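Reading through the structure tokens given below for one structure.
Note that this is a predicted model, so its numbers are computed, not measured. Each chain gets a letter, A, B and so on, in the order the sequences are listed, and its residues count up from 1.
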Amino acid sequence: MASSYHVAVGSFEGPFDLLLQLIARHKLDIYEVALAQITDDYLTVVAEMGQLNLEVATDFLVVAATLLELKAARLLPDEDEPELDELTLEARDLLYARLLDYRTFKQAGQALGDRLRALAGYVPRAVPLEPHLARLRPPVKLPVTPAGLAEVAARVLAAGPEPGVDLSHLQPVWMTVEEAAVVVVEGLVRAGGRATFDQLTAGCRHRVELVACFLALLELYRLAQVDVEQRENFDTLTVTTAEGADPTRGDWAQAAFAALQSSTDADRGRSRVTAGG
Amino acid sequence: MAEPAGRGPELDPQLRKALEAILLVVEEPVAASTLAQVLEVATDEVEAALRALRAEYVDDGRGFVLREVAGGWRLYTDPGAAAYVERFVVHGRSGRLSQAALETLAIVAYKQPITRTQVSEIRGVDADGAIRSLLARGLVEEVGREASPGQPVLYGTTGLFLESMGLADLGQLAPLPDSTSRPLPPEPPPGGYKAARRRLDAPAPGGGDGPDGADDVT
Amino acid sequence: MAEPAGRGPELDPQLRKALEAILLVVEEPVAASTLAQVLEVATDEVEAALRALRAEYVDDGRGFVLREVAGGWRLYTDPGAAAYVERFVVHGRSGRLSQAALETLAIVAYKQPITRTQVSEIRGVDADGAIRSLLARGLVEEVGREASPGQPVLYGTTGLFLESMGLADLGQLAPLPDSTSRPLPPEPPPGGYKAARRRLDAPAPGGGDGPDGADDVT
């Protein structure tokens with residue numbers, strides 16, 4: 001299923017590069033695109049990264065969260081309040097500004113690369129001095145102390161070469177969004193149907209896992225499997241099973257899993273259609 | 001800039017000989033002022049001679065050219081002979097740079113001095129590998145430390161960068177396209193962000209009296 | 001040996017250009033037969049061209065000369081300009097090490113004996129230039145050959161290196177900083193979710209794994 005997707009994992013340099021490629025694939029102008037339009041595609045690629053055991057880097061998820069929020073705002077019914085939520089708009093503007101910034105430097109990098117290639121024909125003379133001249137050279141002054149040399153050595157030895165493809169963020173995956181959904185659902189069942197986000201994610205040991213759990217929570221909310229309560233911005237998030245569900249029985253968890261599953265399947269189906277057309 | 005073919009008058013044979021001999025041993029572009037000092041000749045005169053020499057090589061169709069880059073002068077092969085030269089230069093000078101490295105190089109070039117973290121923020125991903133590669137190739141270098149907590153290393157481009165790019169100095173870098181001058185695109189929110197937020201803010205529907213079993217979880 | 005001044009007829013401009021470009025970059029004298037092979041020209045013709053070029057440089061009073069030594073041809077500075085070249089070498093940049101050379105020196109110091117290829121692998125880019133520069137400055141030297149196919153040269157640091165660093169012997173090299181100061185590897189995932197995932201993937205929800213089943217997870 002992933003093979004129908006044109007944006008292959010590893011062929012982009014980061015979340016912004018991925019966004020640019022998705023925008024290009026939809027033949028959209030970067031100045032016209034509503035970022036929410038490419039949310040599904042973006043999430044599909046990020047999910048594939050997870051399946052390929054690439055680390056879903058924090059930044060991919062941060063961008064994913066912003067996209068999800070934009071998309072959620074578009075899907076919700078229009079009520080009498082036409083104003084835009086300031087925070088959401090701000091997140092959008094920030095994301096968009098970063099995307100443009102990245103695009104600028106990506107293009108500048110390509111220009112530098114073109115120039116390097118164009119000038120590659122000029123090879124400088126770099127030949128060792130004739131022996132009688134080499135002897136005249138003043139003795140070298142080493143610019144480091146022994147401790148400094150050790151630092152240089154440690155840095156260089158620890159680093160290793162740059163990988164051919166940029167997989168510098170290649171690390172074992174911590175948790176995919178799917179897995180995080182399980183953590184959230186089961187945590188909620190164990191808690192009897194109501195828990196704070198902090199309680200649900202108490203087992204998370206890394207920020208990436210927290211982000212994954214948050215995305216999972218958003219997805220469950222979108223699928224109407226949970227309700228989320230927050231007194232005010234940045235206040236504690238309290239999660240409850242959706243209205244009417246009885247968390248003490250297994251049915252609710254199974255229903256939630258089924259909803260997640262069909263949502264994932266639907267996303268993949270959509271992606272296939274998009275990629276094909 | 002380049003003198004016309006007339007080579008004789010301003011190119012003193014002794015000066016030319018000395019310049020050519022020194023240019024044969026330089027390991028990086030050498031400033032006209034350095035040459036002037038060593039040769040005990042006015043810098044103007046040296047510069048005029050170098051320009052005449054550059055023109056002479058071109059006119060004579062030599063296999064080498066004299067270029068003024070990175071604040072100095074150095075001999076290079078003529079690109080017209082590149083096909084043959086490649087056979088003798090075992091390793092291309094810097095091989096091909098990855099896209100990541102090129103992006104990073106562009107960021108460092110235009111934003112220097114800049115920290116690793118700042119580069120990563122612009123790229124959206126970690127830049128360590130790319131910076132390491134550029135350091136190893138001598139295209140960027142540490143140029144200091146930022147006066148902020150942790151004193152992160154600041155990076156800048158090197159003379160080799162200018163040389164590879166055929167630039168006399170950083171001022172010759174092509175200007176960046178100004179991306180911020182364009183207006184932001186609309187992000188049409190059919191549902192309204194406010195509405196979305198309000199639903200989030202609404203008190204939890206039902207089930208609010210969840211059992212206190214929550215304590216068992218942690 | 002040297003041809004008389006007549007330069008025109010036997011020196012094809014294209015051949016001259018190619019020869020000059022190659023001669024500019026070769027580090028060792030290059031045999032006429034090698035040049036003939038690369039240029040796909042008869043060796044006789046190449047030899048004639050090289051001799052003509054040699055004569056031309058002399059006639060034109062250039063700062064470099066073409067010499068046939070050790071079975072090959074190479075460019076050298078003209079002895080007539082020796083005084084200037086020597087002054088340049090002495091007063092030139094006092095042998096400051098490039099960052100690339102310093103990194104290579106650090107690798108050789110801590111990993112010696114080590115081959116050129118191994119250094120390149122660690123640095124991620126070709127190390128030839130850096131090693132050449134360190135050899136030329138007497139900081140590293142050949143210390144043997146590896147007992148492996150091709151018997152690559154092994155490099156180590158020199159007495160001059162120790163002296164420059166103010167060390168009595170290699171045992172006094174500062175220990176490498178603990179690598180734990182580098183970012184920690186990622187933490188393992190929290191226990192339980194893998195098992196839970198397996199349950200999610202399990203075919204039919206038997207219905208029995210209600211609240212009681214959940215207790216097992218923690």
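Only the side chain of A/Glu130 comes within less than 4.5 Å of a heavy atom in chain C; its backbone stays farther off. With a threshold of 4.5 angstrom between heavy atoms, C/Tyr110 approaches chain A through side-chain atoms but not through N, CA, C or O. Contacts of A/Val144 with chain C are made by both backbone and side-chain atoms, with heavy-atom separations under 4.5 Å. Contacts between C/Ala82 and chain A at a heavy-atom distance below 4.5 Å are absent for every atom of the residue. Both the backbone and the side chain of A/Leu133 have a heavy atom closer than 4.5 Å to some heavy atom of chain C. In this structure, chain A has a heavy atom under 4.5 Å from the side chain of C/Leu139, while its backbone stays farther away. Of the two parts of C/Thr77, the backbone and the side chain both hold a non-hydrogen atom closer than 4.5 Å to a non-hydrogen atom of chain A. Contacts between C/Leu162 and chain A at a heavy-atom distance below 4.5 Å are absent for every atom of the residue. Heavy-atom distances place both the backbone and the side chain of C/Leu24 under 4.5 Å from chain A.
Between the CG atom in C/Leu23 and the CH2 atom in C/Trp73 there is a gap of 9.5 Å [rounded to 0.5 Å]. Atom CD of residue C/Glu20 and atom CZ of residue C/Phe64 lie 7.0 Å apart, to the nearest 0.5 angstrom.
Side-chain atoms of C/Gln112 and C/Thr157 form a donor-acceptor pair, as typed in the model, at a separation below 3.5 Å.
By the side-chain contact (heavy atoms from CB on, under 4.5 Å) test, A/Thr196 pairs with A/Asp198, A/Gln199, A/Thr236, A/Thr238, sequence neighbours left out. Under the rule for a side-chain contact (heavy atoms from CB on, under 4.5 Å), the partners of A/Val152 that lie at least two apart in sequence or sit in another chain are A/Arg155, A/Val156, C/Leu102, C/Glu103, C/Ala106.
Both tests do not hold together for C/Arg54 against C/Tyr57: distance to the six-membered ring centre under 6.0 Å, angle to the ring axis within 45°.
Between C/Asp128 and C/Arg116 a salt bridge is recorded (basic side-chain N to carboxylate O distance below 4.0 Å).
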